[in-house]
K.L.:
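I have a structure I would like to understand better, so I am pasting it below and will then ask my questions one at a time.
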Amino acid sequence: MWLNIYTLVTVVSAIILTAFGFQLCGVDISRKEETRKLRTSRAILTASYFILAGATIAELLVNREGDPKLIAALTLATAAYQSLLFTATLFIFICPLYVTRRRVWTQVGIVTAAVALFMPVALATDAGWIFPVALAAYAGQLTYYTWLFRRKYAESLAQLEDYYDEEQDSRLRWTKFGFYAALAVGVAASVSMWLPPMVYNLFTVGYVVFYGWFTSRFSNYAAKVNYYLPALTEQPEIKLEPEEPEQPSVPEIAVEELPAAELREKTERLRVTLEQWVADRGYAVQEDRREQIARELGTTPDFLRWYFSTQMSQDFLPWRVGLRIEYAKELLSEELGMSMNELAQKVGFNTRGNFYTYFRKVMGETPTEYLNRIKLKN
């Protein structure tokens, strides 16, 4: 009875995983140099789906009697490859410049060598010690990937927030969830050899559901890739040796070293320009970098930073957030019937989550609570 259920679950999961793989192949990604690594990640992810589907079918073909030792060995070997492929894919999402062919092939070589040593010994009748050793090695692999992901996630989040000058954790959080969900699947796979048959079948259903969710998240990321890539792939400009000698550049003068009269003039000009920028609701424009805003204001990022540190009571980011919240309060008071998503976009926040986070931080209550409170007063 168990063998029939196991066979059914295995065949159905292989079919579904294959369908997900073909769905990934159909995700539209523009063929540009900037998206080359994203196309590579699609190939890696598709390969991981087909590998898992093929491994489950191969397991049935060579293991018609349901030998627990063969199931355990194949599951552990497949889990090692799946961990590698999913980690590489997620790294391409959050830090594409870090993922190089050399790094990927080095990891593939290490995992392949380990699996090649593990499988023959694991299938021997008198090699019970190999599974604890293999589990320890797999635990080391997962530990290393977790440490590296946490470090790169923090770096990428800081890079994205610096680029857009706004909290971005809500945009990247799904990659963190995806990594830890994949980690949980990997850990469950490593102990699946000791799970009761029914629990093992439920585990199979669970990881198929996870693969389906990850497919949808990949499609969503690909649709918004033009938002992520500029921030995550920006590098310092590399200047080539000029064919003709250039005139020596004049070193930039620090703001504090400007003549007093010029400093006063630039400060006053920026003050007037900022007032007009506020009147035009420039703060409600989404996804503007500080460098872009500085250009619109006719100044430089350094001078804008100096202005807010010396002439204002707060930095530019919280100042702009305050303006957005005041504008949101104004719109809420007018009862325009907008949804909170529409309101967040209108006042300049890229997501509803960001809007709620900042509104609560400034006002001590959510936009919905604020709206209900002012309705009661009226």
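Note that the numbering runs from 1 along the sequence shown for the chain. Atoms considered below: every heavy atom in the structure, side chains included; atoms not considered: hydrogens, waters and symmetry mates.
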K.L.:
Does any N or O in the side chain of Gln311 come within less than 3.5 Å of the main-chain N or O of Thr267, such that one atom is a donor and the other an acceptor?
P.N.:
no
K.L.:
Locate the shortest heavy-atom distance separating Gln82 from Ser48; write the atom from each residue and the value.
P.N.:
NE2-O, 3.1 Å
K.L.:
Got a donor-acceptor contact below 3.5 angstrom from the Lys37 side chain to the Pro96 backbone?
P.N.:
yes
K.L.:
Group every Ile, Leu, Val, Met, Phe, Trp and Tyr by side-chain heavy-atom contacts under 4.5 Å, then state whether Ile110 and Leu76 land in the same group.
P.N.:
no
K.L.:
Going by heavy atoms in the side chains, are Leu8 and Val11 under 4.5 Å from each other?
P.N.:
no
K.L.:
Kindly give the heavy-atom pair with the smallest separation between Ala53 and Ala14, and that separation in Å.
P.N.:
CB-O, 3.6 Å
K.L.:
Without hydrogens or angle criteria, can the side chains of Asp280 and Gln276 be said to hold a donor-acceptor pair below 3.5 Å?
P.N.:
yes
K.L.:
Just to verify, what does Tyr370 make a ring pair (Phe, Tyr, Trp, His ring centres under 6.0 Å) with, not counting sequence neighbours?
P.N.:
Phe359
K.L.:
Do Glu365 and Arg373 meet the salt-bridge criterion of a basic N to acidic O distance under 4.0 Å?
P.N.:
yes
K.L.:
Parallel, tilted or perpendicular: which describes the rings of Tyr211 and Tyr49, with under 30° parallel and over 60° perpendicular?
P.N.:
tilted
K.L.:
Start with the C-alpha distance between Trp105 and Thr100, add both sets of side-chain angles, then the distance that settles side-chain contact (heavy atoms from CB on, under 4.5 Å), and finish with yes or no.
P.N.:
CA-CA 9 Å; Trp105 283 111; Thr100 62; over 6 Å; no
K.L.:
As a quick check of understanding, evaluate side-chain contact (heavy atoms from CB on, under 4.5 Å) for Arg305 and Phe316, giving each step before the final call.
P.N.:
CA-CA 7 Å; Arg305 191 175 296 108; Phe316 175 80; over 6 Å; no
K.L.:
Using the test ring pair (Phe, Tyr, Trp, His ring centres under 6.0 Å), find all partners of Tyr307 that sit at least two apart in sequence or belong to another chain.
P.N.:
none
K.L.:
Once you round to the nearest 0.5 Å, how far does OG of Ser219 lie from CG of Asp28?
P.N.:
10.5 Å
K.L.:
My understanding is that a hydrophobic cluster links ILVMFWY residues whose side chain heavy atoms are under 4.5 Å apart, including indirect links. Using that, what else belongs to the cluster containing Phe22?
P.N.:
Phe50
K.L.:
Can you check salt bridge (Lys or Arg N to Asp or Glu O under 4.0 Å) on Arg281 and Glu330, steps first, answer last?
P.N.:
CA-CA 13 Å; Arg281 300 199 193 280; Glu330 179 183 328; 3.5 Å; yes
K.L.:
Does the ring of Phe218 carry Arg42 above it, NZ/CZ under 6.0 angstrom from centre and within 45° of its axis?
P.N.:
no
K.L.:
How close do Ile29 and Ala222 get, counting heavy atoms only, and between which atoms?
P.N.:
CG1-CB, 4.2 Å
K.L.:
Give the C-alpha distance, both sets of side-chain angles, the deciding distance and a yes or no for side-chain contact (heavy atoms from CB on, under 4.5 Å) between Val185 and Phe203.
P.N.:
CA-CA 8 Å; Val185 170; Phe203 160 68; 4.2 Å; yes
K.L.:
Grab the two heavy atoms, one from Ile130 and one from Ala122, that are nearest each other, plus how far apart they are.
P.N.:
CG2-CA, 3.5 Å
K.L.:
What residues, two or more places apart in sequence or in another chain, satisfy side-chain contact (heavy atoms from CB on, under 4.5 Å) together with Lys32?
P.N.:
Ser30, Glu34, Thr35, Asn226
K.L.:
Are Lys361 and Ile325 close enough that some pair of their side-chain heavy atoms sits under 4.5 Å apart?
P.N.:
no
K.L.:
To the closest 0.5 Å, what do you measure between CG (Leu45) and CG (Leu85)?
P.N.:
8.5 Å
K.L.:
With rounding to the nearest 0.5 Å, note down the distance linking CG in Leu331 to NZ in Lys329.
P.N.:
12.0 Å
K.L.:
With a 6.0 Å cut-off on the ring centroids, do Phe20 and Trp213 count as close?
P.N.:
no
K.L.:
Are any non-hydrogen side-chain atoms of Val115 and Met119 less than 4.5 angstrom apart?
P.N.:
yes
K.L.:
For Tyr207, give me all partners under side chain to side chain donor-acceptor pair (under 3.5 Å), at least two apart in sequence or on another chain.
P.N.:
none
K.L.:
Hey, could you give me the CZ/OG1 distance between Phe214 and Thr175, rounded to the nearest 0.5 Å?
P.N.:
8.5 Å
K.L.:
With heavy-atom distances below 4.5 Å as the criterion, would you say the side chains of Thr87 and Tyr144 are in contact?
P.N.:
no
K.L.:
Would you check if the distance from the ring center of Phe179 to the ring center of Phe86 is below 6.0 Å?
P.N.:
no
K.L.:
Apply side-chain contact (heavy atoms from CB on, under 4.5 Å) to Asn372 and list each qualifying residue two or more places apart in sequence or on a separate chain.
P.N.:
Thr368
K.L.:
Salt bridge (charged side-chain N to carboxylate O under 4.0 Å, His left out) with Arg39: which residues, sequence neighbours excluded?
P.N.:
none
K.L.:
Holding to side-chain contact (heavy atoms from CB on, under 4.5 Å), I want the full list of residues that pass it with Glu33, two or more places apart in sequence or in another chain.
P.N.:
Arg36
K.L.:
Please list all pairs passing the side chain to side chain donor-acceptor pair (under 3.5 Å) test where one or both residues lie in residues 106-122, with sequence neighbours left out.
P.N.:
Tyr81-Thr112, Gln107-Tyr145
K.L.:
I need the minimum non-hydrogen distance between Glu342 and Ser339, along with the two atoms involved.
P.N.:
OE1-N, 2.9 Å
K.L.:
When rounded to the nearest 0.5 angstrom, what distance separates OH in Tyr356 from CD in Glu369?
P.N.:
8.5 Å
K.L.:
Can you check whether Leu263 reaches Phe303 side chain to side chain, under 4.5 Å on heavy atoms?
P.N.:
yes
K.L.:
Considering residues at least two apart in sequence or located in another chain, which fulfil the salt bridge (charged side-chain N to carboxylate O under 4.0 Å, His left out) criterion with Arg150?
P.N.:
none
K.L.:
If the condition is ring pair (Phe, Tyr, Trp, His ring centres under 6.0 Å), which residues does Trp174 pass it with, not counting sequence neighbours?
P.N.:
Phe93
K.L.:
More than 12 heavy atoms of other residues, nucleotides or ligands under 6.0 Å from CZ of Arg269: is that the case?
P.N.:
yes
K.L.:
Would you call Arg271 and Glu265 a salt bridge, taking side-chain N to carboxylate O under 4.0 Å as the test?
P.N.:
no
K.L.:
Just wondering, do Phe349 and Val347 contact through their side chains at under 4.5 Å, heavy atoms?
P.N.:
yes
K.L.:
Could you work out, with ring pair (Phe, Tyr, Trp, His ring centres under 6.0 Å) as the rule, every residue matching Tyr98, not counting sequence neighbours?
P.N.:
Phe91
K.L.:
Pair Val133, Phe118 - check side-chain contact (heavy atoms from CB on, under 4.5 Å), show working.
P.N.:
CA-CA 9 Å; Val133 172; Phe118 163 69; over 6 Å; no
K.L.:
Go through the side-chain N and O atoms of Tyr138 and Ser83 and say whether any donor and acceptor fall under 3.5 Å apart.
P.N.:
yes
K.L.:
Output the distance between atom CD1 (Ile51) and atom OG1 (Thr78), rounded to the nearest 0.5 Å.
P.N.:
8.5 Å
K.L.:
Verify, without hydrogens or angle tests, whether Ser41 (side chain) and Thr89 (backbone) share a donor-acceptor contact under 3.5 angstrom.
P.N.:
no
K.L.:
Between Tyr358 and Arg324, is there a cation-pi geometry (under 6.0 Å to ring centre, at most 45° from the normal)?
P.N.:
no
K.L.:
Could you see if Val272 belongs to whatever hydrophobic cluster contains Leu297? Use Ile, Leu, Val, Met, Phe, Trp, Tyr and a side-chain cutoff under 4.5 Å.
P.N.:
no
K.L.:
Of all the heavy-atom pairs spanning Ala294 and Pro301, show the shortest one and how long it is.
P.N.:
CB-N, 3.7 Å
K.L.:
Side chains of Tyr283 and Val321, heavy atoms from C-beta outward: is any pair under 4.5 Å?
P.N.:
no
K.L.:
Measure the shortest side-chain to side-chain distance between Phe149 and Ile94 over non-hydrogen atoms and say whether it is less than 4.5 angstrom.
P.N.:
yes
K.L.:
Let me check something: do Val111 and Leu117 share a hydrophobic cluster, defined by ILVMFWY side-chain heavy atoms less than 4.5 Å apart, either directly or through other members?
P.N.:
no
